[in-house]
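Everything numeric in this text was worked out from a predicted model, so none of it was measured. To find a chain, count down the sequence lines: A is the first, B the second, and so on, and within it residues start at 1.
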Protein chains: 2
Amino acid sequence: MSNTELKGTVKDIFSAYLEQNGHRKTPERFAILAEIYDYEGHFDVESLYVKMKNHNYRVSRATLYNTIDLLIACNLVRKHQFGKNLAQFEKSHSSKQHDHVILTDSGEVIEFCDPRIQQIKATIEELFNVDINHHSLYFYGTKKATPKK
Amino acid sequence: MSNTELKGTVKDIFSAYLEQNGHRKTPERFAILAEIYDYEGHFDVESLYVKMKNHNYRVSRATLYNTIDLLIACNLVRKHQFGKNLAQFEKSHSSKQHDHVILTDSGEVIEFCDPRIQQIKATIEELFNVDINHHSLYFYGTKKATPKK
DNA sequence: TTCTTTGCAAATGCTTTGCACCCAG
DNA sequence: CTGGGTGCAAAGCATTTGCAAAGAA
């Protein structure tokens, strides 16, 4: 699957979401979607704002926040708060479900996958009679002084 | 173990931490520690501020933030960001390690424990050669419409 | 045309900072 | 004494809101 096809899919999902919820399909919304899916890792609103300015696209921060909320609502974007006051975001469609290790000294963020999370999720749903929509798991730590043997 | 003894222990831990790090043992710091350990669940800075005002203790918000940072540094307090911009805190000493389920419709927070987290933690430490200091796991969901059978 | 969405700027609200005074060591 | 700590108020900064103008349906 090429990147172009992927983007097409994502655009369709967003388009369908907007339609089903009586929101208008404005060029700003699709331009923002495209810029976000151009990111590889995490980004914050300010960085996205600058990125679009550099691409000569005129958007207001208000519209960015507004559109990101819509994208979160249709699961195309995920929001993170790595302990800071600055919200971080990342695309979530067709990127493998993953969680994060944050190195508190360097600020580095490592991604990982562990299937046991899904088992815990199933237990929680059963135990508390809830439907889990999504989760976030962060491990905070530091690099070991001793090298891996 | 009585609550009084527990508080004594906590006070000693904080006292030792302050001493070892060249911080002064001010009455404000211990008063704030006591108020925080009087909470059962989560709290935010504003609520703590009001609580201390009501107990006729005069503190500034600046001191609250400052002291909470110290308490986090010696693992007596944990910080949470339940997706909001408002930081939430809770005492962490001798309260069983637990994680949270957030019901996104009602805002209710449920606590749970699952030993599999520790297994995942061990895997992560080995895999990435890191020391994990702590973690946070949040499940976001809603109550099931159908009642438990 | 109608009414949502946008951009801009002002407002909000949590948190941090500057500074003079205070007090623990 | 001395330098870190405190209260207070002002400043910072991410995010939200108000409003007139734009444009999707």
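- Going from atom CZ of B:F82 over to atom P of C:dC14 covers 17 Å, rounded to whole Å.
- Along DNA chain C, the nucleotide closest to B:L86 and the one closest to B:R24 are compared, and the more 5′ of them pairs with B:L86.
- The residues A:K91 and A:E40 are annotated as salt-bridged, a charged nitrogen and a carboxylate oxygen being separated by less than 4.0 angstrom.
- At whole-Å resolution of the value, CD in B:E46 and P in C:dT15 are 10 Å apart.
- Here B:R29 does not reach the OP1 or OP2 of C:dA24: none of its side-chain N or O atoms lies under 4.0 Å away.
- In the helix from C:dT1-D:dA25 to C:dG25-D:dC1, the terminal helix axes, each the rotation mapping four pairs' C1' atoms onto the next four within five end pairs, subtend 40°, rounded to 10°.
- Whole-Å rounding puts the B:Q88 CD to C:dC14 P distance at 11 Å.
- Looking at residues two or more places apart in sequence or on another chain, you find a salt bridge (Lys or Arg N to Asp or Glu O under 4.0 Å) between B:D114 and B:R116.
- Atom CD of A:Q81 is separated from atom C1' of D:dA14 by 10 Å (rounded to the nearest Å).
- Counting heavy atoms from C-beta outward, B:L127 and A:F112 have side chains that stay 4.5 Å or more apart.
- For DNA chain C, the neighbouring residues in residues 52-73 of chain B, judged by any heavy atom under 4.0 Å, are B:A62, B:Y65.
- Annotation: side chain of A:I32 is in contact with side chain of A:L64 (closest heavy-atom distance under 4.5 Å).
- If you measure from atom CG of B:N85 to atom C1' of C:dG13, you get 9 Å, rounded to the nearest angstrom.
- Between the side chains of A:E90 and A:H98, at least one donor N or O sits under 3.5 Å from an acceptor N or O.
- Ring geometry for A:Y140 against B:H134 counts as parallel: the plane angle stays under 30°, on a 0 to 90° scale with 60° as the upper cut.
- For A:Y57 and A:H55, the ring centers are positioned 6.0 Å apart or more.
- Across the protein-nucleic acid pair, B:E28 atom CD and C:dC23 atom C1' stand 9 Å apart, rounded to whole Å.
- Using a 4.0 Å cut-off, some side-chain N or O of A:H23 falls inside it from OP1 or OP2 of C:dT5.
- Remark: B:T26 is in phosphate contact with D:dT6, judged by side-chain N or O atoms under 4.0 Å from OP1 or OP2.
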